[in-house]
Asks: 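For reference, the structure I am asking about is given below.
Excluded from the calculations below are hydrogen atoms, water molecules and symmetry mates; all remaining heavy atoms, backbone and side chain alike, are included. Chain letters run A, B, ... following the sequence lines, proteins first, then strands; residues in each count from 1.
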Number of protein chains: 2
Amino acid sequence: MDNAIKKMDRPIPLGVVKRLPVYYRFLTGLMKKEIERISSQELADKLGVTASQIRQDLNHFGSFGRRGYGYRVKELQEVIAYILGINQRKNMVLVGAGNLGKAIANYSSFREKGFFIKAVFDNDPAKIGTVLANCKIKSIDFLEEFLCSNNIDIGILAIPVENSTIIAKMFEENGVKGIWSFAPINIKSRRNIVVENVHISESLMTLSYKIQSE
Amino acid sequence: MDNAIKKMDRPIPLGVVKRLPVYYRFLTGLMKKEIERISSQELADKLGVTASQIRQDLNHFGSFGRRGYGYRVKELQEVIAYILGINQRKNMVLVGAGNLGKAIANYSSFREKGFFIKAVFDNDPAKIGTVLANCKIKSIDFLEEFLCSNNIDIGILAIPVENSTIIAKMFEENGVKGIWSFAPINIKSRRNIVVENVHISESLMTLSYKIQSE
DNA sequence: TAGATTGTTAATCGATTAACAATC
DNA sequence: TAGATTGTTAATCGATTAACAATC
C-alpha cells in the first residue's frame, strides 16, 4: 500500500491530521453497517463539513476514490488507518495508575487498533505489585531500566504535574518516540520526541465559555 | 468588571477561545511566583506564540494592558477568568462512575474553579449507593427527575457510546446548558445546548501520525 | 522627556470553499 | 453514452503576523 500514499514533501497541516481520525471513526461505523461505497458529499453531510474539505484533506496523501463512483468505504478506511499508523503495532508504557491511568489502561479499543500497554509504573507502594491491564504495576524506580531494555514507542503520562517534566525527560532520553500527556502542562515537542497534550481542564473552560456566550 | 468587557458583536473564533485557558493557566503560575507584570512579548516567548496573536486575541474582548508597561498579571488573569466563566459557580452532574468518571470526579482543581459535581449517576447496581466526590451514586433511572428539580449547568458524559445519545437528549430536554462528553462520538451542539467533545482516542491517533511522520 | 509597549490597522499567509475539466 | 463524482486549480475567506501611531 505504501506506494499509493504520496511522499509528503511538506508537512501536513495539523488540522488535516486531526480530521483524519474523525473520518476513520465514521468509516468504521459504515463498515459495521456493511455500507460499501460513499461519496465525499454524503460523508460531508454526515460529518457536518464540506465535500471540498474532505477531498482536499485526502488529496494531501493521494487519490483514493473513483470519479463518478465515490470511495470504497473499506479501502478508504484502510488507507486512513495506514496514514495514521493504526494497526501498526505500537508499544506503550503507562506512568500513573490513578483513576485516569486505569481508565486509559482499560480502554480496550486501543489494543484493537494496535496500541499495547507493555508496562505500568507508579510511585504509590499500595499500587505497586497489583495488576492493571495485565501488567503488574512496577515502581517508577524501574522505569528508566525498562525503557532501556524495551522498544517503547509511546509514553503515557497520567501523573500530577509536579513529576511530569522529569518523566517526560526520561522518556526523551531513552528512545521513546512520542508522549501522550494528560498532565495540565504544555510538554513541548523536541527534536527526538513528539508530544500530544490532552488538556482536559482546558476543554471544560472552553465549554464554560460556550455556555456563557449563549 | 462587566462594563470593561466588550460586548461581542460577532462570535469569537473558536481558536481564540481555546487559547484563553492556556493564557489563564500560565498567568496563574506567574501569580504563584508573585510576578506582577508581564508584556505580551514575554508571555509570547514563554508560550511559544507571537505577541501579536496574544494582543489580537485579547482585543476581541477589550483593552486590558497599559502602553509602555504591559499587563498586570493578576488583572489579566481575572479578566480571562471572567470571560471564560471561571469562578462563576457551575453545577454539574456526572453520568458514568467508571474509571474515567472517577478520575473526573476526583480532580479537585475543577471545584476550586467553581465547577461543582452535584450528583453522580450510573447503571451498575454494584456502584449505586457507594460514594464518589461526596455524592452517593444514584441509579440512572433518577437522572431525569434530578435534572427537573435542580438547576444543572453542565452534564458530564463518561459512559460508553451506546447510551450516550439518549443521555445527551435527556440533558437537552431538561434544561442542561452544556454537555462535556468523553464518549467517542460527535454529540452535536443544538439550539438549546452546547457540547464539548473530548476525543481521547482521536488524540492518540494524532500522536501516532506524528510519530510515523517523523 | 525618552523608552517601552500597547491597541489597532494593514499586509501576509494559509486554509477553506467553489468551480470545473477529467474520467469512471 | 449520460450522469455522477472525483482530483485539482482558482477564488475566497479568515486568521496570523507585521507595522506603527498612540500613549503610559
Side-chain angles (χ1 to χ4, degrees), chain A residues 3-20 22-23 27 30 35-77 79-80 83 206 209, chain B residues 3-20 22-23 27 30 35-77 79-80 83 206 209:
Chain A
N3 56 354
I5 310 277
K6 266 186 201 173
K7 290 288 160 276
M8 298 147 228
D9 28 7
R10 330 189 162 178
I12 307 296
L14 192 58
V16 175
V17 175
K18 290 200 174 286
R19 282 191 294 268
L20 293 181
V22 179
Y23 303 157
L27 291 165
L30 291 179
I35 294 168
E36 290 194 353
R37 70 164 281 274
I38 193 162
S39 68
S40 57
Q41 188 59 60
E42 289 174 273
L43 195 52
D45 291 345
K46 302 285 187 180
L47 295 175
V49 299
T50 65
S52 263
Q53 182 168 66
I54 291 173
R55 297 208 299 277
Q56 286 283 29
D57 283 353
L58 296 175
N59 195 244
H60 283 101
F61 304 97
S63 308
F64 311 114
R66 269 188 282 159
R67 292 170 206 243
Y69 173 85
Y71 301 86
R72 284 184 48 209
V73 172
K74 183 165 182 291
E75 191 183 316
L76 188 56
Q77 195 257 14
V79 163
I80 295 177
I83 293 168
T206 303
Y209 175 84
Chain B
N3 56 354
I5 310 278
K6 266 186 200 171
K7 288 287 160 275
M8 299 148 229
D9 29 7
R10 333 190 160 175
I12 306 296
L14 192 58
V16 176
V17 175
K18 289 199 176 287
R19 283 191 294 268
L20 292 182
V22 180
Y23 303 157
L27 290 166
L30 291 180
I35 292 167
E36 290 194 356
R37 70 166 280 275
I38 192 162
S39 69
S40 57
Q41 189 59 60
E42 288 174 275
L43 196 51
D45 290 345
K46 302 286 186 177
L47 294 174
V49 299
T50 64
S52 264
Q53 182 168 66
I54 291 173
R55 296 208 298 277
Q56 286 283 29
D57 284 352
L58 296 176
N59 195 244
H60 283 101
F61 303 98
S63 308
F64 311 114
R66 269 188 281 160
R67 291 169 206 245
Y69 174 85
Y71 301 86
R72 284 186 48 209
V73 171
K74 183 164 181 291
E75 190 183 316
L76 188 56
Q77 195 257 14
V79 163
I80 295 176
I83 293 168
T206 304
Y209 175 84

Asks: For Thr50(B), answer base if it contacts any base atom (sugar-phosphate contacts may also be present), sugar-phosphate if it contacts only those atoms, and nothing otherwise; contact means non-hydrogen atoms under 4.0 Å.
Replies: sugar-phosphate

Asks: It should be established whether Asn59(A) places a side-chain nitrogen or oxygen under 4.0 Å from OP1 or OP2 of nucleotide dT8(D).
Replies: yes

Asks: Can you tell me if Arg72(A) has over 12 outside heavy atoms packed within less than 6.0 Å of its CZ?
Replies: no

Asks: Would you mind reading off the distance between Lys18(A) atom NZ and dA15(C) atom P, rounded to a whole angstrom?
Replies: 14 Å

Asks: For a quick test of reading the model: is some side-chain N or O of Tyr71(A) closer than 4.0 Å to OP1 or OP2 of dG7(D)?
Replies: yes

Asks: Round to the nearest Å and state the distance from Ile12(A) atom CD1 to dT16(C) atom P.
Replies: 13 Å

Asks: For Arg19(B) and dT16(D), is the shortest distance between a side-chain N/O and OP1 or OP2 below 4.0 Å?
Replies: yes

Asks: Do the side-chain N and O atoms of Asp57(B) and Gln53(B) include a donor-acceptor pair separated by under 3.5 angstrom?
Replies: no

Asks: Could you state the atom-to-atom distance from CD of Gln41(A) to P of dT17(C) in whole Å?
Replies: 12 Å

Asks: Could you check how far CD of Glu75(A) sits from P of dC24(C), rounded to whole Å?
Replies: 14 Å

Asks: Provide the Watson-Crick or G-U wobble partner of dC24(D), both distances under 3.5 Å; none if there is no partner.
Replies: dG3(C)

Asks: Rounded to whole angstrom units, what separation is found between the CD1 atom of Ile54(B) and the P atom of dG7(C)?
Replies: 12 Å

Asks: For the residue pair Val16(B) and Phe61(B), what are the closest heavy atoms and their distance?
Replies: CG1-CE1, 4.1 Å

Asks: Can you check whether Arg55(B) reaches Phe64(B) side chain to side chain, under 4.5 Å on heavy atoms?
Replies: no

Asks: Base, sugar-phosphate, or nothing: which does Arg55(B) touch, judged by heavy atoms less than 4.0 Å apart?
Replies: base

Asks: Roughly how many Å is it from CD in Glu42(A) to P in dA4(D), rounded to a whole number?
Replies: 13 Å

Asks: Taking atom types as they are modelled, would you say the side chain of Arg67(A) forms a donor-acceptor pair with the base of dT5(D) within the 3.5 Å cutoff?
Replies: no

Asks: Specify the separation, in whole Å, of atom NE2 of His60(A) and atom C1' of dG7(D).
Replies: 13 Å

Asks: Using a heavy-atom cut-off of under 4.0 Å over every strand shown, decide if Ser39(B) touches base, sugar-phosphate, or nothing.
Replies: sugar-phosphate

Asks: Could you pick out which residue, Arg66(B) or Leu14(B), lies toward the 5' side of DNA chain D when each is mapped onto its nearest nucleotide?
Replies: Leu14(B)

Asks: Atom CG of Leu58(A) and atom P of dT6(D): how far apart are they, to the nearest Å?
Replies: 10 Å

Asks: Whether Arg37(B) engages the ring of Tyr69(B) as a cation-pi pair (distance to the six-membered ring centre under 6.0 angstrom, angle to the ring normal within 45°) should be assessed.
Replies: yes

Asks: Is Gln53(A) near enough to dT16(C) that one of its side-chain N or O atoms lies under 4.0 angstrom from OP1 or OP2?
Replies: yes

Asks: Looking for any heavy atom pair under 4.0 Å, which part of the strands does Gln56(B) touch: base, sugar-phosphate only, or nothing?
Replies: base

Asks: Find which nucleotide of DNA chain C each of Tyr69(A) and Asp57(A) is nearest to by heavy atoms, and output the residue with the more 5' nucleotide.
Replies: Asp57(A)

Asks: Of all the choices, dA18(D), dG7(C), dT17(C), which nucleotide is nearest to the side chain of Ser52(B) once you look at every atom?
Replies: dA18(D)

Asks: Would you indicate whether Lys74(A), at its atom NZ, is surrounded by more than 12 heavy atoms from other residues, nucleotides or ligands within a distance under 6.0 Å?
Replies: no

Asks: Applying a 3.5 Å limit to both distances, which nucleotide forms a Watson-Crick or G-U wobble pair with dC13(C)?
Replies: dG14(D)

